[in-house]
Amino acid sequence: MPEQQYDPSIIEAKWQAAWDADPAIYAPSDHAPNGNYYVVEMLPYPSGKLHMGHVRNYSLGDTLARYMWMRGYRVLHPMGWDAYGLPAENAAIKSGRAPRDWTVSNIAVMKGQLKRLGFAIDWSREVATCDPEYYRWNQWFFLKMYERGLAYRKRSRVNWCPLCNTVLANEQVENGCCWRHTTTPVEQREIEQWFFKITHYAEELVNGLEKMQGWPERVRAMQRNWIGRSEGAEVQFNAPNSGVIRVFTTRIDTIFGATCVILAPEHELSAVLIDPQYQPRLKAMIDDPARKDPTSVEKDGFFTGQYAVNPFNGERIPIWIGNFVLVGYGTGAIMAVPAHDERDFEFCTKYGIPIVQVVRDGFLEGSGEYTGLSSDEAWERMTARAERDGFGKRTITYRLRDWGVSRQRYWGTPIPMIHCAACGVVPVPESDLPVLLPDNVEITGEGRSPLERVPEFMNVACPKCGAEARRESDTMDTFVDSSWYFYRYCDPRNREAPFDPKKAAEWMPMKQYIGGITHAIMHLLYSRYWTRVMRDLGMVDHDEPAENLFTQGMVLGTDGTAMSKSKGNVVDPDEMTAKYGADTCRLFTLFAAPPDRDMEWNESSVEGQFRFLGRVFRFVTRNIGVERAGTTAGERQALRKVHQTIAKITTDFDNRWHFNTSIAALMELSNELIALESEIPGEAMPAINEAYVKMLAPFAPYAAQELWSAMGREGQVFKQPWPEFDAALAAEDSVEIPVQVNGKLRGKIVVAVDATSADLEKAALADEKVRPYVDGKQVAKVIVVAGKLVNIVAR
RNA sequence: GCGGAUGUGGCGGAAUUGGCAGACGCGCUAGAUUCAGGUUCUAGUUCUCGCAAGGGAGUGGAGGUUCAAGUCCUCUCAUCCGCACCA
């Protein structure tokens, strides 16, 4: 066949049309000797267009999915849309376009982009979280949690983003700012809202991390840190005029060094203990917005005028109020041990409170009957004593707080609850689900749910007493939507339940979950919680949603910082595919760096991938049906390189996903084949071409498919078996061995692969480049590493 | 402060088990093809001394183990990420 030029605009359009015409093409196959393989990439938010981070994420997952397909697995590779969320509402405020319209049209655009990129996605399982058939199950889960006390309503101080005009969960606050508006400090408001009791599983969630070997240590560490389990004791200090102050400490062994008790300003006793004249000062401390940022705020406090008694030594120590003591952690009160805690030291130094050292070199001093014990032993004994004498107890505290899920916004799942004047909070009966989110709602962005102004939605009869009642107007945090969507993919059209447990059991837990590190805490922690809730509801039989998690690196702009519209360093995947084709785009994202590392987008480097595909394309096509005598040695050498490459790429897939080196290996192979071309007999070419095209298929599906078809082969190349490695064909006849003298490279010898150590030593000592460094010296030792190297130690 | 990473040519990166440092690609240099640009092809490209043959140095830094260290050990520096008055 004459050489064909590589024109991705033609072949990609052609195969895209063919693939699109067959809706079942990417459905899991019936015949799969190696069993099921479920790979999910985190679903995108339909913001308008794909960005390069999506392209990288999905290229990675797709390459893997196609490879697993070729390795004989029954692959499930679905996609969906995290369709609820604030940007849709903000767009509505700006443009007047209804959030649903905006979202639906974005989905259409982005779905087209995903198709053009050639991702092997089973679109028959597509899920959009704003679909009533999806979000009704959010509501259903909400009711189930409510029944079990895992969803509850509480008035509390919450994080409020003045730009989002809504409440944020703790996980969604970064550096005291909203995770979306990273420069706007969150405010504190007292609001009644709904919580999911994630703390119910705190212990399990932290313990589970130890077993999750398929998750990156980085993610597990972040979650461990976030859950923040600490073991300690709660100890009661009697305060003569006000009862009892409970403090939490992890260092009960230092209690003889406690020189004051400090209460958080919000602590219920703070206002009680102080002299009335100090009330304004207390209030100012509570309201000080700077307290959110501990690095810039100086420790501040004042003496209440009251004293508490240390239960261990009966000492009277002053009770202070301190701005650095957190009301939400532990008991909201601490014993200050300035000698052994930096923060206490800072505070006590400032106010002249005594500093008493009670531990030296790990052993206690000045601690009564405990003096001389090691810290560890004292810790145990003192805790036991506190329990025995009833003034304390062993406790474990967590930093993790319950998940606040109420949002005062429109574009989300309505919370299925009704407020009745007579009956209080009444759940919507299961049979009335879904509570539909009304369309045609005016969005103003005010800090109240827009639903409040929709009487058809709000007014409802109380399910209990039938009286007029009002619906809950808040919607759910959209992280609820994404906490379980990978279960829905397993049974996406089920109208009776979120999913059939049997169908979910076929696939879940996910064999491989892939996404960005940004979700290390929020999404991934919520998902782990949700899986446990479903387990306790009897719906699933496992604890963790994903066996293996892969967090890919970010795509950075050419200036080395994350791409963002404001910086103007965004690369548009559409422009890239229009110019070079989807295959080049995919190849580049995999080639530029190992997938777990951040990568810089570099346009000139992209051209290299395009050139490579062109070279391969021309080579394969001009060798289809070629008549050429060639040589036996040429054939041997070509096949050897082919099989060495099979081994290399297979290892990359099975062990470490360093696809940058897999693609480099494909380049090396094509370089070698092109160099050898005139020596390769025509009869050898079909097998060589076939192996090459198959290996290319997971990375560049369009080009590979076109070549497969040009070779006269039927069907889809990604459904063909992966090339079989033949060790005999890959074996070298002879091998070049470096020879070192005293560790420095001095020569090279070429020997038969099966040369013995004695042969190697003899050849090395005889080598003329080596001899000048050895002659006249005493050879003390010769180290021979078979097949690797010879090192002569000469003195 | 706690935790997790990362440091290798002009650049992205490779070296998977302690065994030839710099694969592969970009860029660059020279040449061929072309009216020209682009494309394609050939050769070269860690630094340094040298016309060359050849030598020396070299994986953030300092030590160490070893016949042999980018890789192992100790110390140290720098950068990035996450968490952070969490008692």
Side-chain angles (χ1 to χ4, degrees), chain A residues 5 174-175 216-226 228-230 232 247-252 254 258 262 264 291 293-295 297-299 322-326 328-337 340-344 346-347 397-400 517-518 520-521 553-554 560 587-588 591-594 596-609 611-612 614-615 618 648 651-652 655-656 658 660-671 674 736-748 769 780-785 787-794:
Chain A
Q5 292 307 307
E174 297 168 354
N175 299 322
E217 176 53 29
R218 178 153 71 133
V219 172
R220 291 190 287 152
M222 282 164 79
Q223 292 208 358
R224 210 176 285 127
N225 204 322
W226 186 262
R229 179 185 194 276
S230 43
V247 306
F248 174 72
T249 178
T250 55
R251 292 294 306 276
I252 195 171
T254 64
I262 311 177
R291 267 180 87 212
D293 179 14
T295 50
V297 170
E298 206 191 322
K299 287 194 176 38
N323 65 343
F324 70 103
V325 180
L326 304 175
Y329 183 76
T331 59
I334 63 164
M335 60 176 204
V337 185
H340 303 288
D341 182 286
E342 239 180 87
R343 299 151 301 178
D344 296 348
E346 203 187 314
F347 187 85
T397 57
Y398 302 90
R399 212 186 75 113
L400 183 73
I517 187 72
T518 38
I521 297 175
M554 285 191 301
L587 220 42
F588 176 73
F591 181 75
D596 51 342
R597 239 193 272 180
D598 288 353
M599 62 170 274
E600 244 175 64
W601 192 270
N602 180 331
E603 168 125 16
S604 61
S605 190
V606 176
E607 293 194 23
Q609 310 307 309
R611 273 177 230 162
F612 160 63
R615 269 198 306 278
R618 291 190 298 276
K648 156 80 184 149
T651 313
D652 279 344
N655 296 335
R656 53 175 209 167
H658 280 202
N660 51 331
T661 66
S662 312
I663 294 166
L666 282 173
M667 290 173 168
E668 266 187 72
L669 175 57
S670 66
N671 290 347
I674 290 167
E736 194 186 59
I737 301 284
V739 181
Q740 297 178 338
V741 178
N742 295 331
K744 290 210 170 201
L745 181 68
R746 295 301 180 187
K748 289 183 177 182
K769 291 246 175 94
K781 207 198 281 188
V782 179
I783 286 128
V784 180
V785 184
K788 289 270 181 162
L789 118 169
V790 178
N791 189 12
I792 300 164
V793 185

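Lettering follows sequence order; numbering is per chain, from 1.
One C1' atom belongs to B:U45, the other to B:G25, and the distance between them is 14 Å to the nearest Å. The C1' atoms of B:U29 and B:G3 are separated by 48 Å, rounded to the nearest whole Å. Annotation: B:C81 and B:A62 have their C1' atoms spaced 27 Å apart (nearest Å). B:A32 sits 34 Å from B:C20 when the C1' atoms are compared, rounded to a whole Å. Distance noted for atom P between B:G44 and B:C24: 12 Å (whole Å). Atom P of B:C47 sits at a distance of 13 Å from the matching atom of B:G22, rounded to the whole Å. Only the C1' atoms considered, B:C83 is 45 Å distant from B:C28, to the nearest whole Å. Comparing the same atom, C1', in B:G58 and in B:A52 gives a spacing of 24 Å after rounding to whole Å.
No donor-acceptor contact under 3.5 Å links the side chain of A:Lys788 to the base of B:C20. With hydrogens and angles ignored, a donor-acceptor pair under 3.5 angstrom links the side chain of A:Lys648 to the base of B:U16.
Here A:Ser230 lies in heavy-atom contact (under 4.0 Å) with sugar-phosphate atoms only. The residue A:Arg746 sits close only to the backbone: its heavy atoms come under 4.0 Å of sugar-phosphate atoms, none of a base. A:Val325 comes within contact range of at least one nucleobase, with a heavy-atom separation under 4.0 Å. Among the heavy atoms of the strands, none lies under 4.0 Å from A:Arg224.
Checked against B:G13, B:C2, B:C85, the side chain of A:Pro594 finds its nearest nucleotide in B:G13. Comparing B:G19, B:C85, B:A14 against the side chain of A:His658 picks out B:A14 as the nearest. Of the candidates B:C67, B:A87, B:C41, B:C41 carries the atom nearest the A:Arg618 side chain, counting heavy atoms from C-beta on. The A:Met667 side chain lies nearest to B:C24 when the options are B:A87, B:C20, B:C24. Closest to the A:Pro738 side chain, of the nucleotides B:C20, B:G13, B:U16, is B:C20. Distances from the side chain of A:Asn225 to the nucleotides B:A84, B:A14, B:C2 place B:C2 closest. Of the candidate nucleotides B:G19, B:U39, B:A84, B:U39 has the atom nearest to the side chain of A:Glu607. When the nucleotides B:A87, B:G3, B:C20 are ranked by their closest atom to the side chain of A:Ile334, B:A87 comes out on top. Side-chain proximity of A:Ala664 to B:A23, B:C85, B:C20: nearest is B:A23. Among the nucleotides B:U16, B:G25, B:A87, the one closest to the side chain of A:Phe591 is B:G25.
By the rule that a glycosidic angle within 90° of 0 means syn, B:G9 counts as syn.
When the P atom of B:U6 is taken as reference, atom CD1 of A:Ile517 falls 13 Å away, rounded to whole Å. Going from atom CG of A:Asn655 over to atom P of B:U16 covers 12 Å, rounded to whole Å. Note: CZ (A:Phe588) to C1' (B:C11) measures 11 Å, nearest angstrom. With rounding to whole Å, A:Leu326 atom CG is found 10 Å from B:A84 atom C1'.
In this structure, A:Lys299 is not positioned above the aromatic face of A:Phe347 in the sense of NZ or CZ being under 6.0 Å from the six-membered ring centre and within 45° of the axis.
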Margin query: Could you go through A:Ile334 and A:Asp344, starting from their C-alpha distance and side-chain angles, then the distance that decides it, and tell me whether this counts as side-chain contact (heavy atoms from CB on, under 4.5 Å)?
Written below: CA-CA 10 Å; A:Ile334 63 164; A:Asp344 296 348; 3.6 Å; yes
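Not one side-chain nitrogen or oxygen of A:Thr661 sits closer than 4.0 Å to the OP1 or OP2 atom of B:C24. One finds a side-chain N or O of A:Lys744 lying less than 4.0 angstrom from the OP1 or OP2 phosphate oxygen of B:A57. Close to B:G12, at under 4.0 Å from its OP1 or OP2, lies no side-chain N or O of A:Arg597. Phosphate contact (OP1/OP2 of B:C41, side-chain N/O of A:Arg611, threshold under 4.0 Å): absent. Distances shorter than 4.0 Å separate none of the side-chain N or O atoms of A:Asn791 from OP1 or OP2 on B:C20. In this model, the phosphate group of B:C24 is not approached by any side-chain N or O of A:Asn671 to a distance below 4.0 Å at OP1 or OP2. Proximity of A:Arg615 to the phosphate of B:C24: no side-chain N or O atom is located under 4.0 Å from OP1 or OP2.
Taking every heavy atom of both residues into account, A:Lys788 and A:Ile737 meet most closely at N-CD1, 3.8 Å. Across all their heavy atoms, A:Tyr329 and A:Ser230 have their closest contact at OH-OG, 2.7 Å. The two residues A:Pro738 and A:Lys748 have their closest heavy-atom pair at CA-CG, 4.2 Å.
For B:A14, there is no paired nucleotide, since no Watson-Crick or G-U wobble pair has both relevant distances below 3.5 Å.
Place A:Thr397 and A:Gly743 on RNA chain B by their nearest nucleotides, and A:Gly743 ends up nearer the 5' end.
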